[in-house]
Amino acid sequence: MPKLKTNRGAAKRFRATASGYKCRRSFRNHILTKKSNKHKRALCATGRVNDSDVRSVSRMLPYSAKKVLRRRRLLNTEVCVEVCIHAGHEGE
């Protein structure tokens with residue numbers, strides 16, 4: 001199977017995290033004089049990609065999508081192990 005190409009525009013805009021993707025917020029480039037300082041500070045923070053858009057972003061970033069899925073699996077197994085230990089099922 002051939003290698004998949006990464007969408008380079010998406011690679012510059014999105015980063016994979018353990019729970020999905022993060023991105024920069026919009027509306028922070030120009031026409032800033034009419035926005036309040038509080039609004040501009042809120043726009044500085046990085047945002048998360050909405051759950052409805054995760055599928056399209058993961059298609060554009062095929063290799064980081066594998067990392068996200070792998071991290072989710074690791075986190076789920078760690079949570080499962082913790083629950084089993086608290087429930088008294090240490091050997092399972």
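Atom CZ of R8 is separated from atom CG of L61 by 9.0 Å, given to the nearest 0.5 angstrom. Rounded to the nearest 0.5 angstrom, D53 CG and R48 CZ are separated by 12.0 Å. The CZ atom of R28 lies 10.0 Å from the CZ atom of R41; values are rounded to the nearest 0.5 Å. For the atom pair OH of Y21 and OG of S56, the computed distance is 9.5 Å after rounding to the nearest 0.5 Å.
For the pair R25 (side chain) and A45 (backbone), a donor-acceptor distance under 3.5 Å is present. Under the 3.5 Å distance criterion, the side-chain polar atoms of R15 are matched with a main-chain donor or acceptor of A11. A donor-acceptor pair under 3.5 Å links the side-chain atoms of K40 to the main chain of L32, judged by distance alone.
Of all heavy-atom pairs between K35 and H30, the closest is NZ-O, 3.5 Å.
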